[in-house]
Structures are given as C-alpha cells and as structure tokens.
Amino acid sequence: MKHERILITGAGGQLGTVLTVELQKKYGADNVIASDLKLNPDFMGHFEVLDATDFEALKSVVLKYKITQIFHLVAILSANGEKFPLNTWDINMKSLFNVLEVSRLHGINKVFYPSSIAVFGEDVEKDNTPQNPNLTPSTVYGMSKVAGENWANYYHKRYGLDVRSLRYPGVIGYQSMPGGGTTDYAVDIYHKAVKNESFECFLEASTHLPMIFIDDAIRATIELMDAPAEEISVRTSYNLSGMSFAPQEVFGVIKKTIPNFEITYKPDFRQGIADSWPNSIDDTQAKKDWGWQPKYNLENMTEVMIEKLRIYYN
Ligand code: AKB
C-alpha cells in the first residue's frame, strides 16, 4: 500500500473530531495531521493551527508533512451561514478553492469534500429525493455546496484530481457537538434527555429530515475513499442515507428509556430551512457503486446515544 499522509481541515468540528481518530487508527497517528483555527487542548496527535482560506499557510502544511490526501471539512453550516451570507460564501468557497489548487499543484492523490442535503431545495421530490434533481438550495451554505460539488467534478474532469464527496444528512453523534446547523436539534435532544432537562425544539413536531448516526457517517466516508476509482461514477457528490425521522419520533423513542423526558416546540427561522429540505434520500447509486449499507436506525442509535452520554455525564 502506498504510504499515505493525511491532512484534515476543520478537524475540531463534529465530523472532524471523530474522523481524525478513525484515520489515526487506519494510517497511524504519525501520518494524520489535524488542523483547525484553534487547538483543542485534549487533542492527541499532530495538529497545526491553520486557516484554510490562507493559501500560503495551507501550502506550507502540505509541503511540511508531504501530504498525499486531504479531508476538507471546513464549512459554515446552514443556520449560522444565514447570519452573514457573503462571509459564508467566502469562507466555504475560498477554502475549497485553496484545497483544490494545492492538491492540483502539489501532488495530492485524493481529496474528500463533504456536501450536504442542503443542496436540495423546493424543486425536488421530498420523499426519497433522487441523485440528480434540479438543485435550487434555500441557504448560502447549500449554494456553496452545489457550487463546490461542481468544482469537484470540474477538477476531476479537467485535471484528473481524485475528489470524492458525500451529501451528508444531519449527523448525530455523542463524541462532539455540531455547530450552527439545522439538524443540530437531533443531537441536543439526547444531551437534554440524559441530563434530565426538558427540551425546547426549534423545529415543529412533524418535520421529517434525513439523518445518519456518526458511526455510519464515518464508515461511509472511509468506504468511499477506499473504493477503487473506477467504481466512483458520481464526481459531484453521492446521496447518502441513514434514517429519517421527525422531532416527535425521536422524542417518543427516547421516552421509552427516560419516561419523564419532556419536549416543547418553538419553531424559529430554522423551520424554513428544514421545510426546504428533503424528508428522505434515495442513495441507490452509493449502494450500487461502492456497496454502501447503513447499520443504524432510530432505535439502535438511541440506545447507543443514551448509553454513551450517560457515561459522559456521570
Ligand atoms: C446542517 O444542518 O446545516 C448540516 C447539514 C445537513 O449539512 N447538519
């Protein structure tokens, strides 16, 4: 196997925290370089303070460690992104351009770029949203992801750069908190339940959204990156599905274990974003091309979330 050296940008975020540990296990801690704007004092391994919008800084990390693969996780998410739209566009696009250019110019052999269900807008079938509908996103974050998918495809076609991408649903995990997304309620609800607090939900009770458990999300990322290049037929971004549920459903499942748990609903501006997204996703192409199969549903995910968070809070 070729000796790989991995750089993760945005490594301190919800996905990055967990993905970094998995990549350390796979490639050895010495071959994984985590980077972000700030160092988490508990982090174990190689870390570089890096602003991925600064091309020269990114290039010097790539050269210093002889990086061969980049997992580019930097992004301002859907809800936070709406507060400063132009700034969101700048950060999301500039950091991606830097990663694509540094990869093209300095011999990176693979790039991972996360996309999102935020690429979909009002024009799609809400149930089992297909791989290739008309994309009219409602948020700047979604617009940046549609543009980013097309740039990934362009770099692949024009320069032969092996960029691979997944459209993540809302990711639910116990190891780290999400920041500034519309699906964040589905992580927060477990924390409140385990701490015996009531939960105020910023979405309506019946708002179905596509979601995925962190273990499945990380496994999908690694399986996609490990797949032989000739099996990757989608060079924009693959639809990825784990499960789909509404706040009232996750509440009902948590209540089976924590009967005193209470919920109230106070929808805010994030309701509008959620209403523009699919209820569920058709990921047939990912299943066909590289064998994707989720392992977690709402029930078995809830068991793990409650068990792990109880350990964390006790
Ligand atoms: C968000 O809610 O913005 C993210 C996403 C679905 O991309 N979790």
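In listed order, ligands and their atoms are each counted from 1. We number each residue from 1, following the sequence as shown.
Under 4.0 angstrom from ligand 1, the non-hydrogen atoms of Ser78 come from both its backbone and its side chain.
At least one N or O atom of Thr182, backbone or side chain, sits closer than 3.5 Å to an N or O atom of ligand 1.
Put simply, the side chain of Ser244 gets close to the backbone of Asn279: a donor and an acceptor are under 3.5 Å apart. Here the side chain of Asn300 pairs a donor or acceptor atom with the backbone of Asn297 at under 3.5 angstrom.
If you take OG1 on Thr207 and CD on Glu249, they are separated by 10.5 Å, rounding to the nearest 0.5 Å. Interatomic distance, Trp290 CH2 to Tyr238 OH, rounded to the nearest 0.5 Å: 7.5 Å.
Taking every heavy atom of both residues into account, Gly12 and Thr17 meet most closely at O-OG1, 3.5 Å.
Atoms of ligand 1 lying under 4.0 Å from at least one heavy atom of Leu77, given by number and element, are 3 (O). If you number the atoms of ligand 1 from 1 as listed, the ones under 4.0 Å from a heavy atom of Ile117 come out as 6 (C). For ligand 1, the atoms lying closer than 4.0 Å to a non-hydrogen atom of Trp277 are 1 (C), 2 (O), 3 (O), 6 (C).
Here the heavy atom of the protein found nearest to atom 5 (C) of ligand 1 is Ser116 OG, 3.4 Å. The protein heavy atom nearest to atom 8 (N) of ligand 1 is Thr183 OG1, 2.9 Å.
Considering Ile108, Asn98, Val163 in turn, Ile108 is the only one that fulfils the side-chain contact (heavy atoms from CB on, under 4.5 Å) rule with Ser103.
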